[in-house]
Each structure stands twice: as structure tokens, then as C-alpha cells.
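First comes the structure, then the notes that go with it.
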Amino acid sequence: MGRKLEELIENLSIWQTGDYGDVDSPSPRDLAITELRTMGPQAVPALIERLDGLLAATAGHRERVDSVQAAWTAWYEESDRLSDEHGPGVDVERHRTIPSDSLPQRSVEDTNYRDPYDLKQGIIEALRQLGDQRAAPVLTAALSDRTCVPAAARALCDIYADRAVPALLEAVTLIDHNTNRSIVFDPLLAALRHYGVSMAQARERFESETSPQGRVRLMHLMTQLPDDGAGRPSESQIRDSLIFLALDDKDNTGRWQAVGALNKIDGCTAERDMFSDWDAPPPADVVRSAIALAAHGKPLGHDRELTSRLRRIRHTAPAARAVEAMLLQDSPEPDAQELRLALRLALGVHTSELDDPLRFARALHRLSSHPQVRDSALLALRRTCWDLLFPQMVQVDEARRREARTIFDAIATPHEHTRFADYTASRSFWNKLRQRFKRG
């Protein structure tokens, strides 16, 4: 590759004009493409080779980062589980199956990696304008890189590729169809229509998709395609996926879109101004559905992440209501898997979010006689007794005080008796201190 050609390819990354106020002024990318067109077909192999290398480098980076992240995610999940089992503040290292010193670290190369998406998009645009059929395979491959999807989709409308349809359908699962729709999703939809993608093809791809986001995005695609007799799946088929997305505490926009879609599926007409409480967790009924899903290993391959998301919000009011509702359910044969997860989440429920802490304690006590969840119920009751039972045991109301004491006596070990003595001593100290300030 000659130096001149190398410079032209590098300039494809610069799409801004020198004078941002003059939209008609050509950018370095525009000028480079003009020169590349004068070179003719001999420029195409160099562009293909460069783009292919960039795509491979990006894919390799993401694969390595994902591998490191997967190891750390498993370590955090085990940390959460061991903390729940042994209590906060306990050194859980000796209980680990994933030793902390075994965790992989990102390489310096991956830490400092900067995605050259401007250059990739510039090369794709150059290939599109050159219109050389030899670019079809690399343009199809570019659909696997989410930053290249819109540009590659536009290019494939001008350069036909035999394997475009499967790659276009796969690309649907990679991009958000709501954010910057006209820039991101519409070019992909135009390409799908250009290649005559049918409802049957989209539905077949939907049935094979396992990721919650991918299923929701493919469902949206099918609302944009004409019905060819295959029929669109019922929206209830993405309910599990929407519940998973509704628990995403890192994406407020996606969370509330998922909650809105669930309300529509369930026929809920209640309106909620999500912008007034943007960071709020999802409603209790959604949290309860999420507990039931995760307890049964759903969504497939994503249940551990859903459990982690539930654990991160278990201190909130909706989680407290959801957990309590599951513990209070009156069924001759309650679902033991759901109860176990609800009892694990109960370890982090804040009593300030409960309408009646004694009712919650009563439910835990009842479950402590359930043969399949007895140990989990006792653990939850003993672990939370400082906030749950102790305040009730010193209540003015005699009936509540007596009931709390009865529950405590039934489950308490010497350790809990010591903790209650510490609680009453602490309470007495603060009462005396308050009295002193009142007299002063």
C-alpha cells in the first residue's frame, strides 16, 4: 500500500469539516473519497484489508474484555451468595471456589483501547461510493460490529451480498431501536426491506434468540414488517425479556420502556410519570415476577444476572412489598424455589420499608416449619432480628410485645440472646442520654 493511499484511508476517519459553521464545506473524509474514486478499482483491496483488520481487532478486544468481565461477574456473584450465607463482615475467602488471586486482569492494550469507529465508518462509506462488488463480504462482516451497523446497512443497499439477510437480522439484536432511531435503526430497517426480509424469516430468527434484549428488538422489527401469513408472535412471548430489562439498574430509559411495555401487555392503564422518579426501581408486581423468573432459571442463561439485579434493589420499598407478598402467599404447596430466593432477598429488606415488621416476622416464623425452606427462613429471621424482632419486643403494645417474644424464644440461639442484651443496653443508654439533654 503506497503512502498516498495510506494517508487517504486515515483521512476517512475525519468526517467534520474544518469550519463547523459551513455545512457545505467538504470534510477530509469527503476529499479522500473523491481521490479514492479517481484511483478506481485498485484502491478497493486496500480498503477491504484495512477494514477487515479493524473489525478483527475490535472483535478480539471485545472477546478478551468479555472473558475478563465474565470471571469477575462470577466472583461477585459468589461474593454475594457467601455474604448472604455467612453474614456481612465475615471473611468469606476460605469459602470461595473462585479465589480472588485467580482473577484475570485486562491487558494494558485492552485498557487503553479506543474503538476506531470513525475510521471504520469512513472506510465503509468509501466502499459504498466506490460500489465495487468485492466489498460485499467485508460489509456483511461489518454488521457484527454495532458501531458499523447503520453504515454497513446503507452500503449493502448499493452493493448486493448473498449472505446479507442473516447478518442483517443478527444486527437487529445489537442496536437500540429507540435511541437515535433515525440514525441507528432506520438504515437497518431500510436494508432489511431492500433485501425483502419476510415476517417468516424474522420470526424464525426471533424463535432462536435467547437474549432478552435481542428478543425485544426482533419483536419490534416484526411490527415494522408486513404480515406474510406467518403471523407475529404474541407480545406475551417477550414478557420474561421485558421483566429482565425492567430490572436493569444501569439503564433508566430501557427500564421504564420495559415497564411501560409490561403495563400494556397486562392491560394496566395506570399512568406514572417516570421522569419524576427517574432512578426509582420497578413496581412491586414487576419485582415479584422477576423473583419467580430467576428462581426457575429464567430467562435462560440470564437468571444469575437477574438474581444479582434483584439483590441490588432488595433494600427498596417495591422489593420489600414483593418479597413480603411471596412470603405471605397462602398456598398448601408453595413453590420452594421461589421461597428460597425470596428468603435470600429478605436478608436485605429494610424494615423501614415494611408496613408491619411483625407481620413480616410472622411470615418468616411460619416458614421456619416448612421442611423445604426451614433453614433459609430461620437464617433470615435470626439475621434480621435486630431490626425486625427486637423493636417489637420492647413495644408498649403488650400483644405485639408478647407475640414478638414468642417468635424470638422459638428461634433464638445464645448468640441472638446476647444480641438482644446488647440491643436493650444500647437502647437504655440512648434513652438516658436523651433524658439528660431534656433536663438540660
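Nothing here was measured: the structure is a model prediction, and the numbers come from that model.
Using a 4.0 Å cut-off between charged nitrogen and carboxylate oxygen, Arg29 and Glu125 do not count as a salt-bridge pair. Ion pairing between a basic and an acidic side chain is recognised when a charged N comes within 4.0 Å of a carboxylate O; Asp409 and Arg405 show such pairing. Residues Asp84 and Arg311 are paired through a salt bridge, judged by an N-O separation under 4.0 Å between the basic side chain and the carboxylate. Using a 4.0 Å cut-off between a side-chain N of Lys or Arg and a carboxylate O of Asp or Glu, Arg359 and Glu324 qualify as a salt bridge. Under a 4.0 Å N-O distance rule, the pair Arg312/Asp249 qualifies as a salt bridge.
Applying the ring pair (Phe, Tyr, Trp, His ring centres under 6.0 Å) rule to Phe185 yields the partners His220; only residues at least two apart in sequence or on another chain are considered. Checked against side chain to side chain donor-acceptor pair (under 3.5 Å), Asp422 has no partners two or more places apart in sequence or in another chain. Applying the salt bridge (charged side-chain N to carboxylate O under 4.0 Å, His left out) criterion to Asp266, with sequence neighbours excluded, gives Arg239. Residues passing the side chain to side chain contact (heavy atoms under 4.5 Å, CB included) test with Ala363, sequence neighbours excluded: Leu327, Leu328. Scored by the side chain to side chain contact (heavy atoms under 4.5 Å, CB included) test, Thr111 finds Arg106 as partners (sequence neighbours excluded).
More than 12 heavy-atom neighbours from other residues, nucleotides or ligands sit within 6.0 angstrom of CZ on Arg181. When the shell of 6.0 Å around OH of Tyr117 is examined, it contains 12 or fewer heavy atoms from other residues, nucleotides or ligands. Heavy-atom neighbours of Trp15 CH2 from other residues, nucleotides or ligands within 6.0 Å: at or below the threshold of 12. Around the CZ atom of Arg96, the shell of radius 6.0 Å holds more than 12 heavy atoms that belong to other residues, nucleotides or ligands. Counting heavy atoms of neighbouring residues, nucleotides and ligands inside a 6.0 Å radius, atom CD of Glu93 exceeds 12 of them.
Asp110 and Ser107 share a donor-acceptor pair across their side chains, judged by distance under 3.5 Å alone. For the residue pair Lys120 / Thr58, a side-chain donor-acceptor distance below 3.5 Å is found, with atom types taken as modelled. Arg400 and Gln392 share a side-chain donor-acceptor pair at under 3.5 Å. For the residue pair Ser144 / Glu170, no side-chain donor-acceptor distance below 3.5 Å is found, with atom types taken as modelled. For the residue pair Arg366 / Ser369, no side-chain donor-acceptor distance below 3.5 Å is found, with atom types taken as modelled. Side-chain atoms of His61 and Glu109 form no donor-acceptor pair, as typed in the model, at a separation below 3.5 Å.
Panel note: side chain Thr179, backbone Asp176; no donor-acceptor pair is recorded below 3.5 Å. Listed for the Arg314 side chain is a donor-acceptor partner under 3.5 Å among the backbone atoms of Arg344. Although no hydrogens or angles enter the test, the distance criterion places a donor-acceptor pair under 3.5 Å between the side chain of Gln201 and the main chain of Ser198. Of the possible polar contacts, none joining the Glu77 side chain to the Ser308 backbone as a donor-acceptor pair under 3.5 Å is found. Remark: side-chain polar atoms of Arg215 are paired, donor with acceptor, to backbone N or O of Phe206 under 3.5 angstrom. Of the possible donor and acceptor atoms, one in the side chain of Asn112 sits under 3.5 Å from a partner among the backbone N and O of Val108. The backbone N or O of Ala246 sits nowhere less than 3.5 Å from a side-chain atom of Arg309 that would complete a donor-acceptor pair. At distances below 3.5 Å, at least one donor-acceptor pair connects side-chain atoms of Arg217 with backbone N or O atoms of Thr173. Proximity of a side-chain donor or acceptor of Arg401 to a complementary backbone N or O of Gln395 within less than 3.5 Å is detected. With Arg340 contributing its side chain and Asp335 its backbone, the two residues share no donor-acceptor pair below 3.5 Å.
Phe244 places none of its side-chain heavy atoms less than 4.5 Å from the side chain of Lys298. Arg288 is not listed as a side-chain neighbour of Val323, based on a closest heavy-atom distance of 4.5 Å or more. Between Arg193 and Gln224 the shortest side-chain heavy-atom distance falls below 4.5 Å. Taking the side chain as every heavy atom from C-beta outward, Met219 and Pro233 approach each other to under 4.5 Å. Considering only heavy atoms from C-beta on, Phe420 stays 4.5 Å or farther from Trp386 through its side chain.
Between His95 and His86, the ring planes lie parallel to each other; the angle is under 30°, not in the 30° to 60° tilted range. Between Trp72 and Tyr76, the ring planes lie tilted relative to each other; the angle falls in the 30° to 60° range.
Screening His417, Glu416, His415 against Thr413 for a side-chain hydrogen bond (donor to acceptor under 3.5 Å, both in side chains) leaves a single residue, Glu416.
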Practice problem: List the steps and the verdict of side-chain contact (heavy atoms from CB on, under 4.5 Å) for Gln329 and Leu339. | Solution: CA-CA 10 Å; Gln329 59 184 326; Leu339 283 178; 3.9 Å; yes

Quiz item: Does the pair Leu247 and Val286 meet the rule for a side-chain contact (heavy atoms from CB on, under 4.5 Å), with working shown?
Solution: CA-CA 8 Å; Leu247 268 288; Val286 175; 4.0 Å; yes

Practice problem: Any chance you could lay out the side-chain contact (heavy atoms from CB on, under 4.5 Å) test for Leu381 and Ile407, step after step, and finish with the verdict? | Solution: CA-CA 9 Å; Leu381 197 50; Ile407 294 173; 3.9 Å; yes

Quiz prompt | salt bridge (charged side-chain N to carboxylate O under 4.0 Å, His left out) assessment of Asp115 paired with Arg62 | solution = CA-CA 10 Å; Asp115 191 341; Arg62 288 177 178 162; 3.3 Å; yes

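The two residues Ala361 and Leu389 come nearest to each other via the heavy atoms CB-CD2, 3.9 Å. Annotation for Asp251 and Gly254: closest pair OD1-N, 3.0 Å, computed over non-hydrogen atoms.
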Side-chain donor-acceptor distances from residues 153-161 under 3.5 Å, at least two apart:
unit_1, atom_1, unit_2, atom_2, d
Asp158, OD2, Arg128, NH1, 2.8

